K.L.:
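Submitted below is the structure of interest, expressed as C-alpha cells.
Note that this is a predicted model, so its numbers are computed, not measured.
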Amino acid sequence: MADLCSVPPEILVPAANETLDLVLGSQVELNCTVRWVGTEHCQPTPTWSKDGQWLGSGSSQDTVWSGQNSSEQLLASVLQLNLTQDANFGVFACWISNATATFTLRRAEAVGHVPAVLAALLVLVLLVLLAVLYVRCRLNALLWYRDRYGELEINDGKLYDAYVSHANAPDDRKFIHFIVKPQLENRHGYKLFLDEQNILPNSEPSADLIMNVSRCRRLIVVLSIAYLEQEWCNSSFREGLWRLLELSRKPIFIVFESQYREITHPAITLLKQHRSIVTLLVWRAGSMTPSSDFWKELCLALPRKVSFPGGRSVGDPQTQLQEDKDPMLILHSSYLDSAGDLDPDGDLGTGPCPPASPEGTDARWTSFLGFA
C-alpha cells in the first residue's frame, strides 16, 4: 500500500503551464486535474497558492472518481475567480503532492469603441471618395470603353453621323451653327445634316424626311420653346415621338436649362418617362466648356469615333469623304423640278465670299451668349 501511495500523481489538465489574458470584470475557472495509481487511502489533497501565498482550504471545489481500472484514481480541483480588481490577477499554482500546475492571469485592455468608430469612419470616407470618383470619372470611363470596345458603325451606307432638327428661330440657329456644329465636326470629327424645316409637318412622315433621316446614324432635336410651339408638337407629339423612334436609333433631345424650368409642355414629361428609349440632355451655363459633361454625354449618344495612326480621331471616313451632292439626299421634292441650276458655276459656297457683316463675329457671339 505504501508503495502505491509513493507514486507521484500525473497532471492531465493543464497539459502545460497556462497564461491567460483576461479583461477586468470577467470570471474564470482554473481546472487542475490529476491521475494517480493507488487506492482511496492514497488520495492526495490539492492546495492553491497565489503569488506564493497559500489560499484557504475551502477556496476550491474538488471531485474524485475512479478510472478505467480500480487502481486508477482521478481528481479535479476547480478554483473559481472573479476578476473585479487588479489585485485579483497574478500567478496561481495548484499543488497536489509533488506535482504542480501554474496559471498566469494577466489583465488585458478591453476593446473600446474608438477603433470600431475609426474603422467605420475610414470605410465611410472611402465610400465617399469612390462616389466622387464615380461621378467625376464615370463619363470619361464610359467614353474610353466605348471608343475602345464599342460598336463601329461604318460602311453602312450612311452619309451623315447625325440629323439635326431645330426651329427656324435666331437663338436656335446660333446655338447650332456657332456651338454644336463646330464642336462636333471640328473637334470630334462628326458630320451633321442640319434641317430647319418641321421634322413632322404632317400626320405622316414625308418621303423627303424618311430619306434624309435614313441617311443619318442619329437624330438630334433641339427642343426649345420655339420648337415646341410648332403645330405638330402641340397636337400630336406622342404620336410623332413613336414615328421618330421608328426612323432613328434612340433620338437625342436637347433642352436649354433657362427654358427647362419654365416649360410646361407635355412633351418634356413624356421624354422624362421614356428616358430608356431616348436621350434627354440639358444645356446649362457651364456646358460651353469643351470638357463639360454635356459634350461627353452627347458623344456617348453618337456613333463611336474611328481612330487613325497619329492619334487623330474622326467619324466614319465614309462621311468625311462625302460631299453634299447625293441626288437621293433631298430636302424638298422641288429638287427634282425642271427649274434651272441655282448655281451654274458649281457648288454653292465655292465662289467669292460675301463681305463680312458690319457687326462682326464678336457681335454675333455676344448676342448668342446673351441668349445662353
Side-chain angles (χ1 to χ4, degrees), residues 135-140 142-143 146 160-199 216-230 233-234 237 240-241 244 248-303 305 315 361-372:
V135 172
R136 296 183 63 88
C137 304
R138 177 181 62 89
L139 294 176
N140 290 331
L142 291 175
L143 279 172
R146 194 281 307 268
Y160 291 87
D161 292 303
Y163 181 105
V164 182
S165 175
H166 62 95
N168 187 15
D171 291 338
D172 292 34
R173 288 198 303 269
K174 291 176 183 178
F175 176 71
I176 292 298
H177 290 279
F178 291 106
I179 293 185
V180 175
K181 181 178 173 66
Q183 181 75 8
L184 292 183
E185 291 194 340
N186 299 337
R187 184 179 179 86
H188 296 283
Y190 292 112
K191 190 173 184 182
L192 308 180
F193 178 83
L194 310 183
D195 188 7
E196 297 180 358
Q197 304 299 321
N198 291 349
I199 194 170
C216 303
R217 296 189 177 93
R218 297 291 188 275
L219 171 64
I220 300 176
V221 178
V222 181
L223 209 60
S224 63
I225 293 179
Y227 196 95
L228 291 173
E229 289 176 349
Q230 297 178 102
C233 289
N234 291 320
F237 184 86
L241 177 61
L244 293 179
S248 178
R249 169 182 175 182
K250 199 170 185 181
I252 305 165
F253 293 89
I254 301 175
V255 295
F256 299 108
E257 185 183 33
S258 57
Q259 302 175 358
Y260 190 53
R261 304 189 189 96
E262 304 172 359
I263 295 178
T264 57
H265 199 283
I268 301 298
T269 304
L270 182 65
L271 294 177
K272 290 180 180 179
Q273 295 173 350
H274 296 84
R275 282 184 177 269
S276 60
I277 56 177
V278 301
T279 300
L280 182 61
L281 303 180
V282 180
W283 174 267
R284 296 179 171 84
S287 299
M288 182 71 72
T289 306
S291 60
S292 67
D293 289 347
F294 174 85
W295 298 113
K296 296 175 184 177
E297 293 176 351
L298 181 56
C299 288
L300 277 174
L302 290 172
K305 296 178 293 184
T361 304
D362 294 340
R364 287 183 296 175
W365 275 105
T366 304
S367 175
F368 177 78
L369 291 177
F371 150 72

K.L.:
Quick one: does F175's side chain get under 4.5 Å of H166's, heavy atoms only?
P.N.:
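When only atoms from C-beta onward are counted, H166 and F175 do not touch, as no gap falls below 4.5 Å.
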K.L.:
Look at K191 together with D161 and state whether they make a salt bridge at an N to O cut-off of under 4.0 Å.
P.N.:
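No, this pair does not count.
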K.L.:
Test your reading of the model: is there a side-chain donor-acceptor pair from R146 to the backbone of C299, 3.5 Å cut-off?
P.N.:
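Side chain of R146 to backbone of C299, a donor-acceptor pair under 3.5 Å: yes, one is there.
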K.L.:
To the closest 0.5 Å, what do you measure between CD (E196) and OG (S165)?
P.N.:
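Output value for this atom pair is 10.0 Å.
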K.L.:
A side-chain contact here means heavy atoms from C-beta on lying under 4.5 Å apart; do F294 and M288 qualify?
P.N.:
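In short, these two side chains do not touch, never coming nearer than 4.5 Å.
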K.L.:
If the test is side-chain contact (heavy atoms from CB on, under 4.5 Å), which one of L271, I254, L281, D172 qualifies with L223?
P.N.:
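Of the listed residues L271, I254, L281, D172, the side-chain contact (heavy atoms from CB on, under 4.5 Å) partner of L223 is L271.
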K.L.:
Which heavy atom of A162 sits nearest a heavy atom of L302, and at what distance?
P.N.:
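Heavy atoms of A162 and L302 come nearest at CB-CD2, 4.0 Å.
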K.L.:
Can F178 and R173 be said to form a side chain to side chain contact (heavy atoms under 4.5 Å, CB included), step by step?
P.N.:
CA-CA 8 Å; F178 291 106; R173 288 198 303 269; over 6 Å; no
K.L.:
Could you tell me which non-hydrogen atom of I277 sits nearest to which non-hydrogen atom of K250, and how far apart they are?
P.N.:
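Between these two residues, the closest heavy atoms are O-CG, 3.3 Å.
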K.L.:
Looking at every non-hydrogen atom in both residues, tell me the closest pair between P303 and Y190 and how far apart they are.
P.N.:
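Looking at all heavy atoms of both residues, the closest pair is O-OH, 2.6 Å.
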K.L.:
If I compare all heavy atoms of Y227 with all of A167, which pair ends up nearest, and what's the gap?
P.N.:
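It is CD1-N, 3.6 Å.
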K.L.:
Applying side-chain contact (heavy atoms from CB on, under 4.5 Å) between V164 and each of V221, L192, D195, L219, report the one that passes.
P.N.:
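It is L192; the other options fail the test.
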K.L.:
Can you tell which of I252, V180, T279 makes a side-chain contact (heavy atoms from CB on, under 4.5 Å) with I220?
P.N.:
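Testing each of I252, V180, T279 against I220, the sole residue satisfying side-chain contact (heavy atoms from CB on, under 4.5 Å) is I252.
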K.L.:
Count the heavy atoms of every other residue, nucleotide or ligand shown that sit under 6.0 Å from CZ of R275, and state whether that count exceeds 12.
P.N.:
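Correct, the count exceeds 12.
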K.L.:
Decide yes or no on side chain to side chain contact (heavy atoms under 4.5 Å, CB included) for F256 and V222, but give the supporting numbers first.
P.N.:
CA-CA 9 Å; F256 299 108; V222 181; 3.8 Å; yes
K.L.:
Which atom pair, heavy atoms only, marks the closest approach of V278 to F253?
P.N.:
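Reported closest heavy-atom pair: CG1-CE1, 4.0 Å.
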K.L.:
Got a second to check how far N140's CG is from D293's CG, nearest 0.5 Å?
P.N.:
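Rounded to the nearest 0.5 Å, the CG-CG separation comes to 8.0 Å.
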K.L.:
Using the side chain to side chain contact (heavy atoms under 4.5 Å, CB included) rule, take L194 and H177 through it: C-alpha gap first, then chi angles, then the decisive distance, then the call.
P.N.:
CA-CA 9 Å; L194 310 183; H177 290 279; 3.4 Å; yes
K.L.:
Looking only at non-hydrogen atoms, find the nearest pair between K272 and Y260 and report the distance.
P.N.:
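Scanning both residues, the minimum pair turns out to be CE-OH, 2.7 Å.
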K.L.:
Which value, rounded to the nearest 0.5 Å, describes the distance between E229 atom CD and S224 atom OG?
P.N.:
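Atom-to-atom, E229:CD and S224:OG are 8.0 Å apart.
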